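Below you'll find the structure, written out as structure tokens, and then a few comments.
So that the names make sense, note that chain A is the first sequence line, chain B the second, and so on, each numbered from 1. The model shown is predicted, which means the values in this text are computed figures rather than measured ones.
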There are 2 protein chains.
Amino acid sequence: MNIQPLLNYISKIVTLTDEEITFLTSQVTYRKYLKGQYVLQQGDINKSVCFVVSGCTKMFYVDADGQEHIIMFAVEDWWSSDLGSFISQTPSDFNVQCIEDTECIVFSYNNMEETYAHIPKLERLFRKTIEKALVASQKRIVRNFSMSAKERYIIFRDSYPEIEQRIPQYMVASYLGISKEFLSKIKKQIAFQ
Amino acid sequence: MNIQPLLNYISKIVTLTDEEITFLTSQVTYRKYLKGQYVLQQGDINKSVCFVVSGCTKMFYVDADGQEHIIMFAVEDWWSSDLGSFISQTPSDFNVQCIEDTECIVFSYNNMEETYAHIPKLERLFRKTIEKALVASQKRIVRNFSMSAKERYIIFRDSYPEIEQRIPQYMVASYLGISKEFLSKIKKQIAFQ
DNA sequence: AAAAAATGTTAATCTACATTAACATCATTT
DNA sequence: AAATGATGTTAATGTAGATTAACATTTTTT
């Protein structure tokens, strides 16, 4: 169990005492998923939130026509899972699936109250995480309304170059909300200009 | 100052003592805006969050081409303002403007810590409000990706019939992310089928 | 190394929606 | 009541991006 990446992440936001670190370690579990495994399925209530230590996950939605729409990716040092379902304990609209072998540190909903009670700083940390998710989500709505697919692709590529490298292109297309054929066209166009 | 609608709203989620109500009343202010007035401007840090007692506001974004994109409306018993900017105290991407004469109860960011300290239940209430905003925002992304303008219009109309009645149609179009001409066409199509 | 599966490309055709522009209706001001 | 401005409609034309289908390339499995 390699909890160090989580501690590094936390230390950027709040400072924990040795005692708090010990307690935190006792509250979380470590899980390894294989490529292709589901962390969460559409319709289930999300009981846990995962901090990714290694690997990569995608959160996506399958619509009425069976089409897959990727909402977000999570790589090292990111929170995977549907935060909305986790915090409200309502059925999730999304699936979370590993697109690489993935190791993560898991916070269970059942432990959260106890964890917050023992380490109140963590409540603040999670509040901030949710805040960031809200801001990012609203920015995404705005972009989808006011920008072309090409502009959105360039922003994605420049914001997350590491992610673009390691995932198949058709998933980038799904994230951008366009077909893989059209993304192919966009990339060609960018290469020649 | 009519604080009753806020108290009714709060009582649905948490129960306040008389002492807490008195304290809360001392912490908020009451503001009246005229139709057309701005509550928040793009680029400013949102210092306050408003509970709408009467009237209606729109939150919108003006893009690089000068086009307006409406993100949400707020009517009686809703929270107006950009929660993202408020909670993170970062410059807002959005404007909030009254589209009717509007009265609201204002929480100032500077008072929040004190309010939370005195009435911890309210921290939970606000956390839940943010959670709901996140869930709604993610649902919106999904809808915009996987549904046609007609489907989105029907959902909007059925979810918020009161809002549709009281705002001009071109604002509904902006909220849906389509042109007013196309919404006009959709409505005609629905009427004839 | 061959076969199979997954991923990526190209081009033709199609469609949901935007844009433009002209006009119609309704609300507000004088 | 006329005039002005705000809102809504219709129709013609344009375009971003979808869909289909065939093929190319890369990766994985055997």
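As rounded to whole Å, 14 Å separates atom P of D:dG17 from atom CG of B:Asn144. One atom, CD of B:Gln165, and another, P of D:dT7, lie 17 Å apart when rounded to the nearest Å. Remark: P of C:dA18 and CG of B:Asp63 are 13 Å apart, rounded to the nearest angstrom. One can place CG of A:Asp65 at 13 Å from C1' of D:dT19, the figure rounded to the nearest angstrom. Atoms CD (A:Gln189) and C1' (C:dT9) sit 15 Å apart, rounded to a whole Å. A:Glu68 places its CD atom 11 Å from the P atom of C:dT7, with the value rounded to the nearest Å. Atom CD in B:Glu181 sits about 12 Å away from atom C1' in C:dA22, given to the nearest Å. Between the OH atom of A:Tyr170 and the P atom of D:dA24 there is a distance of 22 Å, rounded to whole Å.
With D:dA11, C:dC17, D:dG8 as the candidates, the nucleotide lying closest to the side chain of B:Lys180 is D:dG8. Distance from the side chain of A:Ser148 is smallest for D:dG17 among the nucleotides D:dG17, C:dC17, C:dT9.
Between the A:Glu103 side chain and the A:Lys32 main chain, no donor and acceptor come within less than 3.5 Å of each other. The backbone N or O of A:Thr90 lies less than 3.5 Å from a partner atom in the side chain of A:Ser85, making a donor-acceptor pair. A donor-acceptor contact shorter than 3.5 Å is absent between the side chain of A:Arg124 and the backbone of A:Ile13. Side-chain atoms of B:Ser159 come within 3.5 Å of backbone atoms of B:Ile155 as a donor-acceptor pair (strictly under, hydrogens ignored).
If B:Lys35 and B:Ala149 are placed on DNA chain C by their nearest nucleotide, the residue sitting closer to the 5' end is B:Ala149. Both A:Ile178 and B:Met171 lie near DNA chain D, and the one whose nearest nucleotide falls closer to the 5' end is B:Met171.
The residue B:Phe182 sits close to a base: some heavy atom pair falls under 4.0 Å. Residue B:Lys185 is classed as having no contact, given no heavy-atom separation below 4.0 Å to the nucleic acid.
In this model, the phosphate group of C:dT9 is approached by a side-chain N or O of A:Gln169 to a distance below 4.0 Å at OP1 or OP2.
Considering B:Glu164, B:Lys180, B:Lys187 in turn, B:Lys187 is the only one that fulfils the side-chain hydrogen bond (donor to acceptor under 3.5 Å, both in side chains) rule with B:Gln169.
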